[in-house]
Amino acid sequence: MMLRIMFKPFASLLLAAAALLAPAVHAEGYPNHTIRLVVPFPASGATDIFARAVSQKLGERLGQAVIVDNKPGAGGAIGSDIVAKAPADGYTLLLATSSTHSIGPSFGNVKLPYDPVADFTPIAHVGDAASIMLVPNSAPAKTVKEWIEYARKNPGKLNYASSGPGTVVHLTAEYFKAQAGLFLVHIPYKGTALAIPDLVTGKVDVLFDSLPSGLPHVKQGSLRALGVTSLKRSPLLPELPAISETVPGFESVTWFGVYGPKGMPPDLVQRVNKALNEALQDPGVKERLAKLGIEPVGGTPQQFAAMLDKDRAKWKKIITERHISPE
């Protein structure tokens, strides 16, 4: 009887110790088979190309293959939901963007099958894609400051194009309007490519387009670039001033980040984070990302989480105050 009584607390101690050691043991053997990196958008898009640029080097550093699995649909919600409901064992990861985890969830009338904060584990902020402020060559302004002054003298007479309501192009322009104190008319298009001809002819006064899409028109001489939307000048286009040099604090970038499901053990998070940071330093990866207009970022999971909190709050404020709808 005495042995049986003594065995029970001893067994309890063993179970408790095993529970504490489980994450470390799990991380020590990780990974032992293929890792899936879910991309919640179609193949050949920027997010997909980003994933394929990083996945090989990530796999090399983890010692296992990392396959890219495209699960598009519902603005990225389908792929994101797959990861949210996956086991938190490090074998299913998500390459998310500001559209899936900052902007989309900020619309009050959009219902998601997951919580963009509680149902995921932030692993790393892996890249930022800035946009450029484009105007017709016929525009009287040659700098951001001159354009703002011109717009203030002509309230309601100037317009801006977007790739559709609720898109990052739309929100960037509204954020610019709010920060600069301007009254501009919104003209939505089904993609920025359709807006470019009207911008060239002067039917549209301004467009905030992505670097890869807009820059060729600047180099061809058909449009004028006034500024970049990153907080500082982009290393990809150092000669172009940041809009923040005229409008302090202005920043609008599409970020890319890697998540795991909620509850992913810290040791696994650190292992993947370290491998991602190393992969982003690879010259070949940097070259491929530069062609997409993406600047590698990296950093800790904590830095990623802090950036996310700030980014969500910014877009939520803009969407709410300016009554923006995705429809």
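Computed from a predicted structure; not experimentally measured.
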Ring centers of Y160, F176 separated by less than 6.0 Å: no

Does any donor atom in the side chain of Y30 or D89 lie under 3.5 Å from an acceptor atom in the other side chain? no

Is any NZ, NE, NH1 or NH2 atom of the basic residue among D267 and R271 found under 4.0 Å from an Asp or Glu carboxylate oxygen of the other? no

Answer yes if the side chains of S44 and D48 hold a donor-acceptor pair under 3.5 Å, and no otherwise. no

Output field: ring centroids W255/F304 closer than 6.0 Å: yes

Check: T300 main-chain N/O paired with Q303 side-chain donor or acceptor under 3.5 Å: yes

Flag the pair Y259 / H101 as yes when their ring centroid distance falls below 6.0 Å, and as no otherwise. yes

Please collect all side chain to side chain donor-acceptor pair (under 3.5 Å) contacts where either partner lies in residues 144-155, sequence neighbours excluded, each pair once. none

Just by distance, no angles: are the side chains of S131 and D209 close enough, under 3.5 Å, to form a donor-acceptor pair? no

Could you check whether any side-chain N or O of N159 sits under 3.5 Å from a backbone N or O of D205, counting only pairs where one atom can act as donor and the other as acceptor? yes

Closest non-hydrogen contact found for R52 with R288 is O-NH1, 3.7 Å

With no hydrogens and no angle check, do the side chains of S163 and H170 hold a donor and an acceptor under 3.5 Å apart? no

The complete set of side chain to side chain donor-acceptor pair (under 3.5 Å) pairs with one or both residues in residues 224-253, sequence neighbours excluded, reads T172-S252, R233-E245

side-chain contact (heavy atoms from CB on, under 4.5 Å) involving D309 - partner list, sequence neighbours excluded: R312

Determine, for D282 against K286, whether the closest basic-nitrogen to carboxylate-oxygen distance falls under 4.0 angstrom. no

